[in-house]
Amino acid sequence: MKAPVRVAVTGAAGQIGYSLLFRIAAGEMLGKDQPVILQMLEVPFEKAQAALKGVMMELEDCAFPLLAGMVGTDDPEVAFKDADYALLVGAMPRGPGMERKDLLLKNAEIFTVQGKALNKVASRNVKVLVVGNPANTNAYIAMKSAPDLPARNFTAMLRLDHNRALSQLATKAAVPVADIRKLVVWGNHSPTMYPDYRFATVDGASLKDKINDADWNANTFIPTVGKRGAAIIEARGLSSAASAANAAIDHMRDWALGSNGEWVTMGVPSDGSYGIPEGVIYGFPVVTKDGDYTLVKDVPVDEFSRAAMDKTLAELEEERSGVAHLL
Ligand code: NAD
Ligand code: LMR
């Protein structure tokens, strides 16, 4: 058996937390041979801490063989102490009628504090996934607040968008989701994101040729994926939780254990590729291996794609300037 690793999860008593923690403890994120110590953070209010206690009691009651320890706290420096993985879920969620950028300033402070705490106490190679919205900009704030940690280890979740796009495409083309390769969702986790299947394949053949419907792409597919979060909120009265937790598991599992040469979408700090300014946390196609990721660099960008990629970039730049005074 391997030595246990420390996994910090913030917002641990929230809805995503409830769908996430049990799967991590069951080995679905880091493998069935990897014991974990869960370090869970919640806000200091009595109700949240009581709910966290309840979640920890349930984790205990599962008697997970891989759960090597648990910490529940309201102190980021306790939650992030020596953390190898940090899933930053805790944030204020969007309600009906709100756009993600309404949350920007409310959440900026949280991610400044947490970035600083990670910088101070986490493992020097901690892998950070930001789920809390606005995810890309929150990841940027945390990254900027943690100058002693590798910037490339701060990532934002676009995997839910990637998975949503996969399902829409599989249904349209009547093919199994598992057979679709080389899909990417560029940019911001917001309605401006650009899901792009121009180079996607099914059994080696072009998915775009199979679908062959530019109108469906522009007027149905792209808006459906972009607005899926809002559609879920409208339908459930609450934002997506189980699917978000599932995507977080997919993101971290592939980062830690590898994607077997396949493309996955991760929000990562740009290295300047595709005309995206360095440091902007942007959804890119990546391939993961041995606990690291490599940006896929050679995707051709046509006029339609350039416009879509620039639009989502412009929104990220606007969000970034909205929080610049805090950094
Ligand atoms: P929730 O309200 O059910 O849970 C959030 C939890 O975070 C609450 O228990 C709250 O007390 C806690 N929290 C708030 N501030 C905190 C802080 N500073 N430190 C620690 N904990 C804190 O919300 P949820 O449905 O679990 O969603 C969490 C976040 O994830 C939201 O921002 C939501 O918009 C976002 N989200 C992102 C994606 C994505 O694809 N990136 C998908 C779904 C949801
Ligand atoms: C989602 O995409 O489901 C989440 O980001 C929730 C939201 O605010 O849309």
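In each ligand, atom 1 is the first atom listed, and ligand 1 is the first ligand listed. Every heavy atom of this structure was used, including side-chain atoms; hydrogens, water molecules and symmetry mates were not. In this text, all values refer to a predicted model and were calculated from it rather than measured experimentally.
Here is the list of ligand 1 atoms found below 4.0 Å of a heavy atom in Ile110: 15 (N), 18 (N). Close approach of ligand 2 to Ile233 (heavy-atom distance below 4.0 Å) involves ligand atoms 7 (C), 8 (O). Against a heavy-atom cut-off of under 4.0 Å, Val89 is close to the following atoms of ligand 1: 28 (C), 29 (C), 30 (O). The contact set between ligand 2 and Asn133, taken as ligand atoms under 4.0 Å from a residue heavy atom, comprises 4 (C), 5 (O), 6 (C), 7 (C), 8 (O). For ligand 1, the atoms sitting less than 4.0 Å from at least one non-hydrogen atom of Leu160 are 40 (O), 42 (C), numbered in the order shown with element in parentheses. With ligand atoms numbered from 1 in the order given, ligand 1 contributes 17 (C), 18 (N), 19 (N) to contacts under 4.0 Å with heavy atoms of Gln114. Which parts of ligand 1 touch Ala244 is read off a 4.0 Å heavy-atom cut-off, strictly below it: atoms 42 (C), 43 (C). Each of the following atoms of ligand 1 lies closer than 4.0 Å to a heavy atom of Met92: 32 (O). Atoms of ligand 1 found under 4.0 Å from any heavy atom of Met157, numbered from 1 in the order shown, are 39 (C), 40 (O), 41 (N). Taking a cut-off of under 4.0 Å to the non-hydrogen atoms of Ser239, the atoms of ligand 2 that pass are 6 (C). Interface of Ser240 with ligand 2, defined as ligand atoms under 4.0 Å from a residue heavy atom, comprises 1 (C), 3 (O). The contact set between ligand 1 and Gly11, taken as ligand atoms under 4.0 Å from a residue heavy atom, comprises 6 (C), 7 (O), 12 (C), 20 (C), 21 (N).
Here Glu77 pairs with Lys120 under the side chain to side chain donor-acceptor pair (under 3.5 Å) rule; sequence neighbours left out.
Between Thr10 and ligand 1, no pair of N/O atoms sits closer than 3.5 Å. Residue His189 places at least one N or O, backbone or side chain, under 3.5 Å from an N or O of ligand 2. For the pair Ile16 and ligand 1, the shortest N or O to N or O distance falls below 3.5 Å.
In summary, of the residues considered (Thr312, Asn138, Asp161), a side-chain hydrogen bond (donor to acceptor under 3.5 Å, both in side chains) with His189 occurs for Asp161 alone.
Atom CE of residue Met193 and atom CD1 of residue Ile222 lie 11.0 Å apart, to the nearest 0.5 angstrom.
If you look at Ser240 next to ligand 1, the close heavy atoms, those under 4.0 Å, come from the backbone and the side chain alike. At a heavy-atom distance under 4.0 Å, atoms from both the backbone and the side chain of Asn133 approach ligand 1. When non-hydrogen atoms are compared, ligand 1 lies under 4.0 Å from the backbone of Ala91 as well as from its side chain. Contacts with ligand 1 closer than 4.0 Å are made by heavy atoms of both the backbone and the side chain of Val131. Only the side chain of His189 comes within 4.0 Å of ligand 1, judged by heavy-atom distances.
Not a single heavy atom of Arg159 sits closer than 4.0 Å to an atom of ligand 1. Heavy atoms of Asp161 come nearer than 4.0 angstrom to ligand 2 in no pair at all. Not a single heavy atom of Ile232 lies less than 4.0 angstrom from ligand 2.
The number of heavy-atom neighbours closer than 6.0 Å to CD of Glu317, taken from other residues, nucleotides and ligands shown, is above 12. Counting heavy atoms of neighbouring residues, nucleotides and ligands inside a 6.0 Å radius, atom CG of Asn260 does not exceed 12 of them. Within a 6.0 Å radius of CE in Met57, no more than 12 heavy atoms belonging to other residues, nucleotides or ligands are found. Residue-environment remark: CZ (Arg253) exceeds the threshold of 12 foreign heavy atoms within 6.0 Å.
Val78 belongs to a hydrophobic cluster whose other members, connected by ILVMFWY side-chain contacts under 4.5 Å either directly or through intermediates, are Val71.
Looking at Asp75 and Thr73, their side chains never bring a donor and an acceptor atom within 3.5 Å of each other. Looking at Asn246 and Ser243, their side chains never bring a donor and an acceptor atom within 3.5 Å of each other.
Judged by distance alone, with hydrogens and angles left aside, the side-chain atoms of Thr10 form a donor-acceptor pair with the main-chain N or O of Val89 at under 3.5 Å. Listed for the Glu315 side chain is no donor-acceptor partner under 3.5 Å among the backbone atoms of Ser190.
Comparing heavy-atom distances from atom 1 (C) of ligand 2 across Arg228, Met157, Arg236, Arg164 singles out Arg164 as nearest.
Taking the six-membered ring wherever Trp is involved, the centroid distance between the rings of Phe284 and Tyr282 falls below 6.0 Å.
Relative to the ring axis of Tyr85, Arg6 does not place its NZ or CZ within 45° and under 6.0 Å from the centre.
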